[in-house]
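A quick note: this is a predicted structure, and the numbers were derived from the prediction, not measured. Every chain is numbered from 1, with letters handed out A, B, ... down the list of sequences.
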Amino acid sequence: MISAVLFLENIISNAINTLYQISDEKVQIQTTRPEFEGDYTFVTFNLTKKTKLSPERLGDQIGSHIQIHNEFISSFNVVKGFLNISLSNAYWLNYFSEIKSYKQFGIAKHNSSGKTIMLEYSSPNTNKPLHLGHIRNNLLGFSVAKILEANGHHVIKVNLVNDRGIHICKSMLAWKKFANGQTPQSTGLKGDSFVGKYYVEFDKLYKSQITQLISEGNSKEEAEKNAPAIKEAQQMLQEWETGNEDVIALWKTMNAWVYEGFKETYKMLGVNFDKIYYESNTYLLGKEVVNYGLSKNIFYKKENGSVAINLTNDGLDEKIVLRSDGTSVYITQDLGTAIERFKEFPNLSQLIYTVGNEQDYHFKVLFKILQKLGYEQANECYHLSYGMVELPEGKMKSREGTVVDADDLIAEMIITAKQTTQELGKISDFNSDEAQQLYKTIGLGALKYFILKVDPKKKMLFNPKESIDFNGHTGPFIQYTHARICSILKKANYINNNIVLNAETYQLHSCEKNLIKHIYTFENALTEAAKEYNPAIIANYCYDLAKLYNRFYHEVNILKEENTSIKLLRLDLSNLCGSVIKNAMALLGIEVPEKM
RNA sequence: GGUCCCGUAGCUCAGCUGGAUAGAGCACAGGUUUUCUAAACCUGCGGUCCUUGGUUCGAUUCCAAGCGGGAUCACCA
């Protein structure tokens with residue numbers, strides 16, 4: 001069965017051709033606003049000039065023409081220049097009977113597009129635990145991967161762990177100074193937050209030394225540069241690079257603690273990766289690319305020996321790609337890593353980087369340089385840029401302790417879910433494992449939905465004082481709708497049937513029709529979400545569907561409907577809604593319970 | 001200063017490539033359960049879509065300028 005919108009576009013296009021001999025008219029259909037009668041609307045204003053007819057006249061003529069020639073057009077009306085068209089009851093019943101037993105309605109088959117996409121996300125530093133900003137990154141990356149897969153692409157999820165550098169050395173140094181040999185095991189702390197503690201300790205020490213130096217008459221810059229703590233950290237980084245055994249051993253130990261911690265957090269968030277890269281393995285990549293760029297005169301050596309590229313003709317600035325001492329800068333390794341991936345996966349259709357919008361400029365530069373170096377894949381690189389999560393008082397800052405810790409927040413969400421569930425008292429038959437699982441599902445559902453319902457491009461506000469809601473436009477609302485559907489189906493001992501109601505005798509209830517129409521738009525939402533890399537489209541789709549279902553639920557009888565055929569239709573419809581909700585929420589990484 | 005992003009109800013957000021009287025949730029006021037899960041449903045209240053111009057039959061949407069907020073422009077990552 002052809003889609004409703006395409007169907008209408010075709011017949012209206014034909015009508016315009018027949019009536020006015022205009023063949024190249026782009027026909028655009030929109031959904032009819034609820035205050036008017038009709039399913040879809042065609043706006044006639046664009047045709048007034050070519051036909052010299054009034055918008056009303058055009059609406060009447062086109063409306064009559066398509067109604068006469070198509071059995072599925074049941075009626076039309078014209079308001080000003082808007083031609084509102086109603087599709088017949090039979091159309092929607094046929095459509096529904098066709099899709100109602102799909103288990104994966106709207107979801108493309110695995111790898112059906114033939115495209116392989118690499119998507120990088122998460123990419124944490126290993127000197128401190130994850131915070132709310134990382135949560136947004138992880139949820140966004142994971143969800144976009146799911147959405148791309150549901151569009152038929154093969155997605156390779158990768159994580160590039162920033163496991164080396166001055167920040168790690170800071171934690172290491174502070175641990176050596178202050179820990180007296182303590183470990184996560186000895187303190188009972190989670191590994192990443194244990195290490196993070198020493199990162200904060202370092203900063204305290206560093207700051208106090210700066211204050212001291214300034215009070216002794218040094219300038220702020222001098223003090224920041226010469227404080228013993230930072231000198232020691234830099235020294236340690238050099239030792240790391242030269243392979244000092246003790247430093248390497250400590251580095252391995254502390255990173256291992258952090259990984260233990262991250263593992264737990266990732267597990268709670270339900271995210272995962274197909275491949276993990278470590279920067280300690282990739283940070284030297286890119287140096288030979290610099291030589292290649294020099295030989296092609298794309299890069300040039302500056303007087304002091306550093307290597308740069310001039311991008312001023314591209315609206316960007318001059319960019320250093322190698323330090324005067326021959327060591328890499330950030331972009332050097334990014335160039336190297338990208339090229340390495342092109343080699344490793346020669347048939348990659350796309351390479352996506354999930355990184356905050358503070359790095360918009362960096363990625364513009366990176367892609368531009370790749371392009372200048374002659375890598376055609378540069379055109380398929382995409383920066384999935386997302387806005388910062390802000391607190392009421394502004395940006396979160398790790399060192400100032402104004403961050404919302406990921407583990408703390410998750411734990412709070414689960415506790416709130418537990419309290420709410422217990423107050424409502426609907427799961428007395430659950431054992432404690434089942435109950436615990438449910439609290440987790442609901443708590444994380446609330447958190448994930450809260451994050452993903454916002455357009456990724458936009459910055460978002462999180463107020464720790466106002467806990468994340470469980471009512472209204474939320475994850476638990478949608479989960480609740482799913483549980484409600486399951487409850488009905490269970491009570492009915494539902495099994496998918498093949499009964500189709502006779503369109504002559506059964507007039508769909510407006511709530512039923514609205515549900516079918518909205519389910520119809522799922523495929524569109526899914527392609528749109530992939531095109532825009534935007535899970536919020538799916539999130540909002542789910543909410544609208546759940547809302548329509550609840551309306552339907554309150555308006556009509558399902559189990560108590562006496563006419564068996566109608567009852568079965570409503571059960572079928574409930575079943576389909578439930579499975580679409582479940583599949584769509586899975587694209588957000590959100591589970592839906594069968595009872596709550 | 002250059003570049004980029006953002007500005008919609010008291011708050012948090014939708015608004016598809018320009019279309020009809022701009023929508024939700026929270027909050028606030030009220031109503032719905034001897035009946036399928038009330039984490040629900042319904043009603044009400046709430047708006048110079050930052051401002052001013054321009055394009056258009058039509059602009060929250062496109063363009064320009066201004067105001068306000070943010071990011072970025074390192075031999076940091």
OP1 or OP2 of [N] less than 4.0 angstrom from a side-chain nitrogen or oxygen of [X], does that happen here?
X: A/Arg33; N: B/rG23; result: yes
X: A/Lys457; N: B/rC5; result: no
X: A/Asn471; N: B/rA40; result: yes

According to a cutoff of under 5.5 Å between the ring centres and under 30° between the ring planes, does A/Tyr553 stack with the base of B/rA40?
no
How close do A/Tyr541 and A/Ile519 get, heavy atom to heavy atom, and via which atoms?
OH-CA, 3.2 Å
Hey, does [X] reach any base, or is it just sugar-phosphate, or nothing, if we go heavy atoms under 4.0 Å?
X: A/Lys49; result: sugar-phosphate
X: A/Met388; result: nothing
X: A/Val355; result: nothing
X: A/Phe82; result: base
X: A/Lys491; result: sugar-phosphate
X: A/Asp544; result: nothing
X: A/Asn125; result: nothing
X: A/Phe450; result: nothing
X: A/Phe477; result: sugar-phosphate
X: A/Val454; result: sugar-phosphate
X: A/His554; result: base
X: A/Glu466; result: nothing
X: A/Ile166; result: nothing
X: A/Thr421; result: base

Please report, rounded to the nearest Å, how far the [atom2] atom of [N] is from the [atom1] atom of [X].
X: A/Lys453; N: B/rG25; atom1: NZ; atom2: P; result: 11 Å
X: A/His473; N: B/rG23; atom1: NE2; atom2: C1'; result: 12 Å
X: A/Lys560; N: B/rU34; atom1: NZ; atom2: C1'; result: 12 Å
X: A/Leu311; N: B/rU3; atom1: CG; atom2: C1'; result: 13 Å

Expressed as a whole number of Å, how far does the [atom1] atom of [N] sit from that of [M]?
N: B/rG25; M: B/rG44; atom1: P; result: 12 Å
N: B/rU21; M: B/rC67; atom1: P; result: 34 Å
N: B/rA24; M: B/rG46; atom1: C1'; result: 14 Å
N: B/rG10; M: B/rC4; atom1: C1'; result: 31 Å

Checking [Y] against [X]: is there a side-chain donor and acceptor pair closer than 3.5 Å?
X: A/Asn137; Y: A/Ser122; result: no
X: A/Tyr278; Y: A/Asn255; result: no
X: A/Glu318; Y: A/Tyr300; result: yes
X: A/Tyr40; Y: A/Asn84; result: no
X: A/Tyr520; Y: A/Ser3; result: yes

Closest to the [X] side chain: [options]?
X: A/Tyr361; options: B/rA71, B/rC73, B/rA24; value: B/rC73
X: A/Val43; options: B/rC36, B/rG19, B/rA40; value: B/rG19
X: A/Asp469; options: B/rC26, B/rA77, B/rU21; value: B/rC26
X: A/Asn550; options: B/rA77, B/rU21, B/rC41; value: B/rC41
X: A/Gln30; options: B/rC13, B/rG19, B/rC36; value: B/rG19
X: A/Arg551; options: B/rA20, B/rC42, B/rA71; value: B/rC42

Going by purine N1 to pyrimidine N3 plus the second Watson-Crick contact, or the G-U wobble pair, all under 3.5 Å, which nucleotide sits opposite [N]?
N: B/rU56; answer: none
N: B/rA71; answer: B/rU3
N: B/rU61; answer: none
N: B/rA24; answer: B/rU12
N: B/rU35; answer: none
N: B/rG30; answer: B/rC42

Any N/O donor-acceptor pair, A/Thr41 side-chain to B/rA20 base, under 3.5 Å:
yes
Could one point to a donor on the side chain of A/Asn84 or the base of B/rA20 with an acceptor on the other under 3.5 Å away?
yes
May I ask you to check whether A/Tyr199 and A/His167 place their ring centres under 6.0 Å from each other?
no
When you match A/Leu438 and A/Ser324 each to their closest nucleotide on RNA chain B, which lands nearer the 5' end?
A/Leu438
Quick one: on RNA chain B, does A/Lys458 or A/Glu318 contact a more 5' nucleotide (nearest heavy atom)?
A/Lys458
Between A/Lys26 and A/Glu9, does at least one N-O distance fall below 4.0 Å, as a salt bridge requires?
no
Salt bridge or not for A/Arg570 and A/Glu512, using N-O below 4.0 Å?
yes
